[in-house]
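The structure appears right after this line, and notes come after that.
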Amino acid sequence: MHITLYHTHPSLYRDVAQLFIDSLRNNPKTVWGLATGSTPIEIYKHLVAHYQKDAFDTRFLTTFNLDEYVGLSASSDQSYAHFMSRHLWDALNLQPNQRHIPNGLASDLVSECERYETLILEHPIHIQLLGIGSNGHIAFNEPGTPFDSKTHVVTLDSKTRMDNARFFDALHSVPHQAITMGISTIMKAQKIVLVATGQNKAKAIQAMLEGPISESCPASILRNHPNLFIYLDDKAASLLNTHLLNRG
Ligand code: F6R
């Protein structure tokens, strides 16, 4: 496990974006695991800026997103598919067969989860980007989710719905369900990069790194991953034992 701490955000986001660029330069057929939310936005801006300067080629890139709300179409402003088109997919010229996200409108959600899990098994993820919820969730694996879970339908925690309400017109518009990669799906990625910034992540980061490895903090299982890179700002790291940390 490598933890790097930053005073300023631009260098943190630049360094994380560089990990993804390097993976693609090393292997043009690389598979990226991607996240939505506030955390990746600046990382995606760096990727787009580099792509526009011809820094890398995306023709053979494959991507998988962590999750999608149930009941929102890809054209709905709040869907994660829409978020990804707007912030990354379109600008990187990714074709529909290169970019994957669960279909939250599938008539049979269980079959959709099985389809997505199988697709990931067929295209193993080389580098997975993760944010963390203020309750320690990763993707939409809420506290209590079994560590051996695969892609599944989840009922969202009230804290997660409140955290995400900022992207909707009102709390009641936030869907109650989502499809998410499971914890075992995420753990299969060759390399995991978790990014957390801001004081509201400090408790989750402390529980993840210094608490017990327990399903009550889903992110804590990441400590068992052999190739985990954690990027934090000072606020997210403010409750940690500082001897663990390197400076970025
Ligand atoms: C997003 C996702 C979530 C977020 C987490 C943090 O695809 O799976 O787990 O990474 O909720 O969200 P932000 O970055 O908005 O704080």
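For ligands, and for the atoms within them, numbers begin at 1 and follow the listed sequence.
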Quiz item: If you count the non-hydrogen atoms of other residues, nucleotides and ligands that lie under 6.0 Å from NZ in Lys188, is the total more than 12?
Solution: yes
Quiz prompt | Straight-line distance of Tyr116 OH to Leu119 CG, nearest 0.5 Å | solution = 7.5 Å
Quick one: side chains of residues 145-157, donor-acceptor pairs under 3.5 Å with protein atoms, not counting sequence neighbours, listed by atom name and distance.
unit_1, atom_1, unit_2, atom_2, d
Thr145, OG1, Glu142, N, 3.1
Thr145, OG1, Glu142, O, 2.5
Ser149, OG, Pro146, O, 2.8
Ser149, OG, Ile183, N, 3.0
Thr151, OG1, Glu117, OE1, 2.7
His152, ND1, Lys150, O, 2.7
Asp157, OD1, Lys159, N, 3.1

Of all the non-hydrogen atoms in the protein, which one sits nearest to [atom], and at what distance?
| atom | result |
| --- | --- |
| atom 1 (C) of ligand 1 | Thr36 OG1, 3.2 Å |
| atom 14 (O) of ligand 1 | Thr39 OG1, 2.4 Å |
| atom 6 (C) of ligand 1 | Ile132 O, 3.3 Å |

At under 4.0 Å between heavy atoms, is it the side chain or the backbone of [X] that contacts ligand 1, or both, or neither?
| X | answer |
| --- | --- |
| Met84 | neither |
| Leu66 | side chain |
| Asp67 | side chain |

Exercise. For the pair His123 and Phe64, name the ring-plane relationship: parallel under 30°, tilted 30 to 60°, perpendicular over 60°.
Key: tilted
Exercise. Determine, considering heavy atoms only, which of Gly37, Gly131, Ala139 sits nearest to atom 3 (C) of ligand 1.
Key: Ala139
Quiz item: Between the candidates Glu68, His137, Lys201, Arg166, which shows the shortest non-hydrogen contact distance to atom 5 (C) of ligand 1?
Solution: His137
Exercise. Return yes or no for this condition: an N or O of Phe140 is under 3.5 Å from an N or O of ligand 1.
Key: no
Quiz item: Between Asp108 and Arg115, does at least one N-O distance fall below 4.0 Å, as a salt bridge requires?
Solution: no
Practice problem: Decide whether the shortest distance between a heavy atom of Glu142 and an atom of ligand 1 is less than 4.0 Å. | Solution: no
Quiz item: Does the ring centre of Phe83 sit less than 6.0 Å away from the ring centre of Tyr69?
Solution: no
Practice problem: Establish, yes or no, whether the cationic atom of Lys45 lies under 6.0 Å from the six-membered ring centre of Tyr13 and within 45° of the ring axis. | Solution: no
